[in-house]
Amino acid sequence: MRFLPGPEQIQKWGWAIAGIALFLGLWTFAAFRMANAVLLPEPAAVVQGLVTLLEDGTLISDVAASMKRVLGGFAIAAVLAVPLALLMAFSRPVGLLLSPIVTFLRPIPPIAWIPIAILWFGIGDPPSYFITALAAFFPIFINSYAGGHSVRPEHVHAARSLGAGPRALFVRIYLPSAMPMIATGLRIGLGQSWMAVVTAELIAAHSGLGYMIQANRLALETGLVLVGMCVIGVLGAVMSIGLEVLEKRVLVPWKHP
Amino acid sequence: MSILAFRQPRERAVGGSPVAATERRPDGQGRIEGRGLAMTFAARSGPVTALESLDIDVRPGEFLALLGPSGCGKSTLLNLIAGIIKPTSGTLTIDGAPVKGPNPGCGIVFQQHSLFPWMTVIENVAFGPRMLGHGDPLSTARTFLSLVGLDKHARAWPASLSGGMQQRVGIARALATYPPVLLMDEPFGALDAQTRSIMQEELLKIWSQFHTTVVFVTHDIDEAIFLADRVVVMKTQPGGIKREVRIDLPRPRDAALIKSELFNHYRGEIFELIREETLKVFRPDNGH
C-alpha cells in the first residue's frame, strides 16, 4: 500500500525530476558557452569520469575510506555526547561544572582543530576520526542536553504516582522525553561529520573522497573533481534519509504514527 | 494538636458530613486528613498566600468536589494532597501516613492529559501495574480499557486519540493500580459541553464500582453538584474553605437530575457563595 505511489506522490517526483533536469540543462549550457573543460566540464564528461573511476576501483576504495571515518567518528561522538549531555541535564552540579567548558569549545570550527590533530595523530585515519567525531559531537550534545530538559513535570508526577522508582523514571520517562531531540542531534551530527571528513581529508589524509578531489585538482582533472563532489552530495543525502527513516521507525515512532 | 489529630483511631467520625461514605469502602482505606495547611509562594512582588490554615477531612469512598473561582487555592490543595508540593506549614496524611511525594496510594488525573506519548494506549494503562509488580499488567490494562470503552484503541498512540478519549485513558491508567485515593484536577475542563456531560456520567459509573475516594477540582458549579457527595466551596484572599455544602441527591445519578428542583436549589445556594468570592477579587476593599 505504502509503496504504491498516489497521484500526489507522482506529482512530487515529477517536480523533483524536472528540477534536476533544469539543473543539468543549465550546467550543460554554461559548459558549452565557457568551452573550457578545465574550468567547467560538461555533465557527460563527469559521467565518463565516474565510469572510469568505478572501473579502476579507486572510487570504491575512496568512498569506503571516507565512510569508515565518518561512521567511526560519528559513533564515538554519539557514545560520548548523549550520556554526557543527559548527565549534565539531570545533575545540576555536573551541568554547572561543565557548561562553561562546552560554551567555550563549541564555537571552534572543526577545521581549526586540523593542525593540532595532525600534530597529535599524524596523517591518515586517526586525525580524521578525531575531526569527524568533533564535528558530530556538538550538535548531538547540544540537542541531547535540550532534550534532557524537555521532560514535562506532569509526566514525572504521573509516573511517580504510578509507582515508578528513580531507575524506571530515567529509563521510561526521561530518556524517551529526550529522544526526539537526541534523534535530531544525531541527524545534524551525521551531516556535520560528513562535511568534516572531506575537510580533514583535503589536508590530513592520503585517501578518501576529500583527498581524491584535492589530488585531481592538482592534476587539473576537473571532471574527476566534480565526480568526487557529486558522490559526496549523493552519499550525504542518502545517509541523511537513512537516519530519518531510523528516526521515524525506531527512535521516535510515536511522533510519526 | 495536629499530631494528635491523625493519631486518632481511624474509625472515629470525622468532619461534618453525615453521608454514609464509610460503608462504601469496607477496607476503610482512602481517608485524607489535613490540619492547619498553609501554603505561601514566593513571587516577585513578595510572598503570596495561596492557602491559610485549612483543615480538611475526606472519608473513605467519599466523592468530594473542590469548587471556587481561580485564585482560591483549589489546585494548590490538590497538589498538596498529591505530594507534588509541600505545605509551608501544617500536616497532611492519607490513611494515617504523612504524604511525602507522589505515590501509588494516590492516582492523579490532570487537566491536560498526561499520557506518555511514547507508549501505546495499553502500555500507558499497564505502566502502573508493571511498576508495582502486579501479575499480568497487560490483562489488567485491557480490563480497565474496556471499562472506559477504549479496548479497541489499545495499540494506538495517545496522540491519535481525541481529547475525551485521552482523558478516559488517563482515568483508566490512574485506576489500574487500584489506588485508595483518586485526585482529579479539572479533568474535563478542556472538553466540549456534550463530551463533558457524558464523561461525568461515565466517571460516576466507574466510581460506583470501586468507591475510590475522589477529590475533584472544578470551577463548574453543575459539575461539582452532579458528581459530589460534598462540595467544598473555596474562598479567595487568602485561599481557604468558605463553606461546605452536602449534596443529598440520590445515586445513581444521570443527566436528567440537572433539571430537578433540589439540584436547582443547590445551584442557587452555591452560586451566591461563589459570587461573593468572585466579587471580592474585583472589589478588594469590601472583602473582609
Side-chain angles (χ1 to χ4, degrees), chain A residues 1-2 82-83 85-86 89-92 143-187 243-257, chain B residues 78-79 81-85 94 99-121 123-134 137 140-141 153 155-161 169-179 181-185:
Chain A
M1 194 64 181
R2 168 186 301 242
V82 175
L86 293 181
F90 299 146
S91 160
R92 207 174 130 74
N143 281 284
S144 305
Y145 185 64
H149 281 296
S150 66
V151 63
R152 279 174 54 198
E154 307 95 275
H155 286 151
V156 177
H157 298 323
R160 287 184 65 196
S161 81
L162 293 165
R167 211 187 122 89
L169 272 183
F170 180 77
V171 176
R172 308 197 48 142
I173 306 298
Y174 283 96
L175 207 55
S177 294
M179 196 52 86
M181 293 293 283
I182 293 176
T184 303
L186 291 176
R187 196 149 36 81
L243 211 56
E244 217 168 291
V245 171
L246 183 77
E247 184 179 330
K248 285 182 183 170
R249 300 278 164 83
V250 182
L251 293 178
V252 285
W254 65 90
K255 293 259 174 181
H256 312 275
Chain B
L78 196 84
N79 286 338
I81 300 172
I84 292 169
I85 53 176
I94 293 179
V99 175
K100 290 197 179 115
N103 68 84
C106 225
I108 312 174
V109 180
F110 296 90
Q111 177 168 22
Q112 291 296 324
H113 86 87
S114 62
L115 300 179
F116 308 128
W118 52 86
M119 295 180 197
T120 57
V121 162
E123 276 300 326
N124 263 281
V125 182
F127 184 83
R130 223 186 262 295
M131 290 297 110
L132 297 173
H134 294 175
T140 309
H153 296 80
R155 301 245 144 258
W157 296 112
S160 67
L161 303 183
V169 179
I171 293 168
R173 184 179 69 175
L175 287 173
T177 57
Y178 298 95
V181 174
L182 182 62
L183 306 175
M184 309 184 84
D185 190 359

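Lettering of chains follows the sequences in order, A, B, ..., and the numbering in each one begins at 1. Atoms considered below: every heavy atom in the structure, side chains included; atoms not considered: hydrogens, waters and symmetry mates.
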Do [X] and [Y] have side-chain heavy atoms sitting under 4.5 Å apart?
{"X": "B:Leu183", "Y": "B:Val109", "answer": "no"}
{"X": "B:Val99", "Y": "B:Ile81", "answer": "no"}
{"X": "B:Ile84", "Y": "B:Pro102", "answer": "yes"}
{"X": "B:Leu161", "Y": "B:Val121", "answer": "yes"}
{"X": "B:Ile108", "Y": "B:Phe110", "answer": "yes"}
{"X": "A:Leu162", "Y": "B:Leu132", "answer": "no"}

| said: Under a 4.5 Å cutoff for heavy-atom pairs, which residue among A:Ala168, A:Gly165, A:Pro153, A:Pro253 has the most contacts with chain B? | reply: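 Top option by heavy-atom pairs under 4.5 Å: A:Pro253.
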Exercise. For A:Pro180, is it the side chain, the backbone, both, or neither that has a heavy atom closer than 4.5 Å to a heavy atom of chain B?
Worked result: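 Neither; nothing under 4.5 Å.
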In short, salt bridge (charged side-chain N to carboxylate O under 4.0 Å, His left out) pairs touching residues 104-113 of chain B with sequence neighbours left out are none
Can you list the donor-acceptor atom pairs spanning chain A and chain B that come in under 3.5 angstrom?
{"residue": "A:His155", "atom": "NE2", "partner": "B:Leu115", "partner atom": "O", "Å": "3.0"}
{"residue": "A:Arg172", "atom": "O", "partner": "B:Trp118", "partner atom": "NE1", "Å": "2.8"}

